[in-house]
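If you're wondering where the values come from, they're calculated on a predicted model, not measured in any experiment. Scope of the values below: all heavy atoms of this structure, side chains included, with no hydrogens, waters or symmetry mates. Chain naming here is simple, since letters A, B, ... match the order of the sequence lines and numbering starts at 1 in each.
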There are 2 protein chains.
Amino acid sequence: MKGAIVAVGREILTGKTLDTNSHWLAGRLMAIGIRVKRICVVDDVLEEIARELSYCFSLGLELVITTGGLGPTEDDMTLASWAQALGREMVLNPQALEMVRSKYQKLYRMGYVDTPEMTPQREKMAWMPKGAQPLPNSVGAAPGMFMREGSRVLVALPGVPDEMKAIFSHEVQPLLVEVLKERGEGIVMVEEVIQSGFKDESLLGPLVRKIMASMEGIYLKTLATHFGPDVDLGVRVEAWGKDEREARDRLKRAVDALEKALREAGSAEN
Amino acid sequence: MKGAIVAVGREILTGKTLDTNSHWLAGRLMAIGIRVKRICVVDDVLEEIARELSYCFSLGLELVITTGGLGPTEDDMTLASWAQALGREMVLNPQALEMVRSKYQKLYRMGYVDTPEMTPQREKMAWMPKGAQPLPNSVGAAPGMFMREGSRVLVALPGVPDEMKAIFSHEVQPLLVEVLKERGEGIVMVEEVIQSGFKDESLLGPLVRKIMASMEGIYLKTLATHFGPDVDLGVRVEAWGKDEREARDRLKRAVDALEKALREAGSAEN
């Protein structure tokens with residue numbers, strides 16, 4: 001399964017906020033065998049968010065996760081963008097409304113907010129595209145969203161990192177693992193970094209490429225660094241398979257081949 | 001002028017590398033009055049990079065900056081993607097070749113590489129789309145690229161952060177400032193963060209929106225945070241203008257209006 005992450009937020013585009021969410025999510029998706037093909041940051045403009053979502057669909061990406069834009073203010077418009085991209089109407093989701101309502105009652109009892117009332121701004125967080133499944137937010141107020149449409153899986157998470165991580169870990173990951181099982185997917189990725197003893201990427205590159213071309217299910221990447229007399233360039237070897245065993249087998253074969261090639265090149269050099 | 005940043009690199013999509021480059025670049029572009037409308041991370045696949053560049057053009061974005069994929073290995077293919085997106089051929093750029101050659105001679109004299117020879121991998125870094133202007137890289141080996149085509153400005157920077165920053169600061173920024181002058185642009189942005197005394201974004205939001213709707217050239221953003229008894233929500237007020245004076249005037253008017261509204265809301269509350 002291939003996916004995209006769409007981070008919504010002008011504060012990222014203006015250089016105020018470093019988007020650590022996409023980085024974290026990419027690692028988590030990779031770990032369960034979903035390949036992230038693009039990460040895109042877009043402005044808080046309804047049409048621009050919706051256009052990016054539609055573009056991800058047009059590229060054949062079956063999982064699209066948004067972060068940000070679920071809050072109570074008017075510039076939080078990600079769910080409306082989802083509705084537009086999917087051609088669905090926005091409805092007041094009763095489950096989401098109950099999540100928001102009980103959250104504010106709790107916040108009020110704890111003295112964190114001044115009123116437990118459902119203002120229009122608070123209610124806004126419970127408006128979702130028709131057919132959406134709201135996801136409880138154990139950290140903040142805005143529920144997340146999960147939706148399936150044909151082979152597509154659509155997820156909306158908040159932009160505040162702790163809320164995003166909590167909803168992903170508790171709600172989204174188990175749902176995604178189910179989807180992968182249904183699809184008969186379940187790619188496992190393993191990796192290892194090998195120190196090459198080389199200090200020049202332009203010489204190491206051809207070796208690495210040759211190994212990559214010789215096997216399936218592996219990816220080798222020389223780790224770029226500065227030039228320097230003491231440099232020892234690393235090579236990251238990634239391997240994947242339908243289960244851990246296949247992935248480990250491939251990793252071992254690739255690492256063995258790389259170490260052999262490095263030994264041979266080293267002796268040729270000396 | 002509106003622009004896009006396209007970060008090239010599978011290591012970002014797999015969650016190995018946090019893309020700090022785009023964040024840094026966005027802030028630098030913002031500071032000289034260029035609005036970044038999208039940041040996109042794409043895979044090391046020639047067609048996918050080229051498609052993203054073409055997509056940025058189709059959105060009317062006049063400045064597109066890529067980071068990454070300028071190195072000596074085969075999975076460094078950003079310049080070939082630029083050539084494809086622009087419908088230009090790749091040529092061996094004599095200026096770029098001289099930059100690469102003298103860089104490796106220097107690295108060899110310093111003992112950082114084992115040979116000063118121009119291997120095909122090293123020469124590769126001097127192949128650029130026809131008409132490109134190579135930009136010296138004071139830190140690493142791969143030259144950057146600057147190109148103008150009609151109203152468009154196209155820039156390619158390396159992915160290693162120190163190299164990217166050096167080329168941007170020494171080469172790209174002065175060229176962009178020239179372009180902005182030619183275009184009669186030169187937007188200056190100033191900002192200030194005001195502590196609202198509010199702890200609930202859903203109550204602060206309507207105030208902030210009202211001020212934003214009442215003036216031109218300003219943008220107000222409540223700074224999302226956790227709920228808590230001691231929270232004092234910040235509001236970032238951004239203002240821009242054709243010169244610093246206009247920007248500062250607008251900032252002052254927006255801040256004054258915000259502080260007045262906060263005072264009034266506070267006294268209504270008590």
### Query
Quick one: are B:L13 and A:K37 in side-chain contact, heavy atoms under 4.5 Å?
no
### Contacting region of A:V6 [heavy-atom separation from chain B under 4.5 Å]
neither
### Message
Counting only non-hydrogen atoms closer than 4.5 Å, does A:T17 touch chain B with its backbone (N, CA, C, O), its side chain (CB onward), both, or neither?
### Response
backbone
### Interchain contact, A:T119 with chain B, by part (heavy-atom threshold 4.5 Å)
side chain
### Query
Has B:E117 got more than 12 heavy atoms of other residues, nucleotides or ligands less than 6.0 Å from its CD?
no
### Task
Might you point out which heavy atoms bring B:R209 and A:T73 nearest each other, and give the distance in Å?
NH1-CA, 4.1 Å
### Heavy-atom contact with chain B under 4.5 Å, split by part of A:P158
neither
#### Entry: Among A:L203, A:D200, A:V231, the one residue meeting side-chain contact (heavy atoms from CB on, under 4.5 Å) with B:V113
A:D200
#### Entry: Which atom of B:L18 lies closest to which atom of A:D19, heavy atoms considered
CD1-O, 3.8 Å
### Task
Check whether A:L107 gets within reach of chain B through its side chain, its backbone, both or neither, counting any heavy atom under 4.5 Å.
side chain
#### Entry: Interface residue of largest heavy-atom contact number with chain B, from A:L59, A:V42, A:V45, under 4.5 Å
A:L59
### Message
Please classify the contact between A:L25 and chain B as side chain, backbone, both or neither, with a heavy-atom cut-off of under 4.5 Å.
### Response
neither
### Task
State which residue, out of B:E191, B:H23, B:M30, fulfils the side-chain contact (heavy atoms from CB on, under 4.5 Å) condition with A:K16.
B:E191
### Atom pair CE/OG of A:M125 and B:S202 - distance to nearest 0.5 Å
6.0 Å
### Task
Identify which part of A:A141 has an atom lying under 4.5 Å from any heavy atom of chain B, answering side chain, backbone, both or neither.
both
### Query
To the nearest 0.5 Å, how far apart are CD in A:E74 and CE in B:M212?
8.5 Å
### Query
For A:V160, is it the side chain, the backbone, both or neither that has a heavy atom under 4.5 Å from a heavy atom of chain B?
side chain
### Query
Below 4.0 angstrom, N of the basic side chain to O of the carboxylate: do B:E52 and A:R38 qualify?
yes
### Task
Could you tell me which of A:P206, A:G140, A:G71 has the largest number of non-hydrogen atom pairs under 4.5 Å with chain B?
A:P206
### Query
Can A:R35 and B:D43 be counted as an ion pair, charged N to O under 4.0 angstrom?
yes
### side-chain contact (heavy atoms from CB on, under 4.5 Å) between A:K221 and B:D44, intermediate numbers included
CA-CA 11 Å; A:K221 173 94 192 159; B:D44 300 311; 4.1 Å; yes
### Message
With a 4.0 Å cut-off on N to O distance, would you call A:E11 and B:R236 a salt bridge?
### Response
no
### Query
Rounded to the nearest 0.5 Å, what separation is found between the CG atom of B:L220 and the CG atom of A:D75?
10.0 Å
### Message
Let me confirm one number: the OH-CZ distance from A:Y219 to B:R10, rounded to the nearest 0.5 Å.
### Response
4.0 Å
#### Entry: Where B:R51 and A:Y55 come nearest, the two heavy atoms and their spacing
CG-OH, 3.6 Å
